[in-house]
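Below: one structure, written as structure tokens.
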Amino acid sequence: MKRFPSIKKNSEFQKVYKGGTSYANRLLVMYVRKSERPDTRIGISVSKKVGNSVVRHRVTRRIREIFRLHREETNSGLDIVVTARPAAKESDFKKLESAYLHLCGLHNIRKESK
RNA sequence: UGAGCAGGAUAAGUGAUCGCUGCCGCUGCUCCGAAAGGACGCGGGAGAGGAAAGUCCGGGCUUCACAGGGCAGGAUACCAGAUAACGUCUGGCGGAGGCGACUCCAGAGACAGUGCAACAGAAAUAUACCGCCGGUUUCGGCCGGUAAGGGUGGAAGGGCAGUGUAAGAGACUACCGCCCGGGUGGUAACAUCCGGGGCACAUGUAAACCUUAUCCGAAGCAAGACCGAACAGAAAGCAUAAGGCGGCCCGUCUGCUUUCGGGUAGGUCGCUUGAGCCUGGCGGCGACGUCAGGACUAGAUAGAUGAUCACUCACGACAUAACCCGGCUUAUCGUCCUGCUCAUAGC
RNA sequence: GGCGACAUAGCCAAGUGGUAAGGCGUGGGUCUGCAAAACCCUGACUCGCCGGUUCAAAUCCGGCUGUCGCCU
């Protein structure tokens, strides 16, 4: 597997938005929905309101890196959509990471291993 | 030393680990496949900009349209050149600004025609309000001449001085301006000189319509080409066996295979070696051209540059390719280099 | 990535080079014992921003900024 699987189609995004549960904090919004697939997929959405192309790419890469590093800690078989809010453009990697883990805790999708 | 003008370069760096996207290689173990090959693994090497931006011009490329010409529509506009082409660039000319280095110009035509010019003003391209002069008078004025003066306006009938006249007026004269013709220099724009017209054309606006000259078919890689599940359709053949409707027959609906064809989801190509880049010589004032040598430098398809650690400093601006080039415009923390101008002081 | 449209008062908006219409709303007044309704009065000074053409620009011409739509 070269890359982790991701949500690509607009219809799949809409499915998660309508059928999933959502939590949010100051930096991020997270939608989670159980899927029929065995693995966990992620979709990242960054609006133009967040900033220009450079800012949006940087936010996307950081969220993708966070997901990659913490993938083993979460339950599998989920579709996750993360939306960045405009405040995310000023925050660094550490702040985004703590915000992500906070939302994972609210969703109760973290494994009980640790 | 201070103030400035013009041009150019650069766009934080180094090392380690994990991760991402192409490319190349493998005595390859594992999986798929008839094979070619692919997946996976390991190793190597590559991986955003000067504006990648805005999409404002120009071209390549692709599809569609097209005998040729004209009209319509659009663009450009001093001259000569450069270029694949351009609204770009270079060198000149004219005008404007600056002490200067130098900078800026949307810089054809308003004697081809039409339109518009609010308010003010008597009058806006045609006219007499006041004034001046002559005549007349019932002394209030009326008739005629007149653009020198007043006032209005962004703009008032070529300017200024003189002659002249009742008062005036290119009516006449000199200079300037304008128009016409010619000489000289220059490829040309243009500059300069001579002669003539006595002025008949004569406010501004062409980023108003327009005239003249030149150029332009339209759309854009989500262009387009190929393969192609599903599904709508057509034709041929087979079975008339079985099932539904029906009490039964007739009838009617449902079938299978092959071929054709449309082309959706999806996939492959287009997709990066190029009117390109670096160095040097030659031609040219220059833009640029030409010759020789050298290097290969992203190609993704929801879209690749991030995270962690260490060190240095000026503590890091604007900003992320998406078919590719040539320009323009706009954004931008700084650092460095070259040439030149002015002022002050010293030699 | 490509193509196109729009921006005028708090809101909806008209506007042809020459003083920027109108409606809703706000505020004030008349009316009423008090209100509602009705009637009268009321505001643009940066016409999104910066330049240019013109005597004069919301309007014409360039360049920016923002918003929206279409192509999948």
Look at the side-chain N and O atoms of A:R64 and state whether any lies under 4.0 Å from the OP1 or OP2 oxygen of B:rG303.
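Checking B:rG303 against A:R64, a side-chain N or O does come within under 4.0 Å of OP1 or OP2.
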Could you tell me whether the phosphate oxygens of B:rU305, OP1 or OP2, come under 4.0 Å of any side-chain nitrogen or oxygen in A:R61?
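Checking A:R61 against B:rU305: at least one side-chain N or O falls below 4.0 Å of OP1 or OP2.
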In the structure shown, which nucleotide is the Watson-Crick or G-U wobble counterpart of [N], with both distances under 3.5 Å?
N	answer
B:rG157	none
B:rU1	B:rA343
B:rA6	B:rU338
B:rG181	B:rC194
B:rU211	B:rA108
B:rC89	B:rG81
B:rG170	none
B:rU14	B:rA310

Could you measure the distance from the CG atom of A:L69 to the CD atom of A:E97? Nearest 0.5 Å is fine.
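Reported to 0.5 Å precision, the distance equals 7.0 Å.
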Exam field: side chain A:R64 to backbone A:I44, donor-acceptor pair closer than 3.5 Å
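Looks like no, no N/O pair under 3.5 Å.
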Would you check if the side chain of A:H70 reaches a backbone N or O of A:Y100 as a donor-acceptor pair within less than 3.5 Å?
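A pair under 3.5 Å: no.
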With rounding to whole Å, what would you report as the distance between [N] and [M] at their [atom1] atoms?
N	M	atom1	value
B:rG159	B:rG177	P	16 Å
B:rG224	B:rU211	C1'	44 Å
C:rG62	B:rU330	P	16 Å
B:rU146	B:rG170	C1'	16 Å
B:rC93	B:rA124	P	46 Å
C:rA36	C:rG28	P	12 Å
B:rC23	B:rG228	P	26 Å
C:rG23	C:rG51	C1'	36 Å

Whole-Å gap separating C1' (B:rA307) and CZ (A:F67)
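Atom-to-atom, A:F67 to B:rA307, this comes out as 16 Å.
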Report the distance from atom CG of A:L69 to atom P of B:rC20, rounded to the nearest whole Å.
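About 11 Å, once rounded to whole Å.
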Which nucleotide sits closest to the side chain of A:F93: B:rU308, B:rU320, B:rC18?
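It is B:rU308.
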Can you tell me which residue among A:N25, A:T83, A:I80, A:L106 is in a side chain to side chain contact (heavy atoms under 4.5 Å, CB included) with A:M30?
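So, applying the side chain to side chain contact (heavy atoms under 4.5 Å, CB included) to A:M30 and each of A:N25, A:T83, A:I80, A:L106, only A:I80 qualifies.
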Would you call A:V29 and A:V82 a side-chain contact if the rule is heavy atoms closer than 4.5 Å?
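A side-chain contact under 4.5 Å is absent here.
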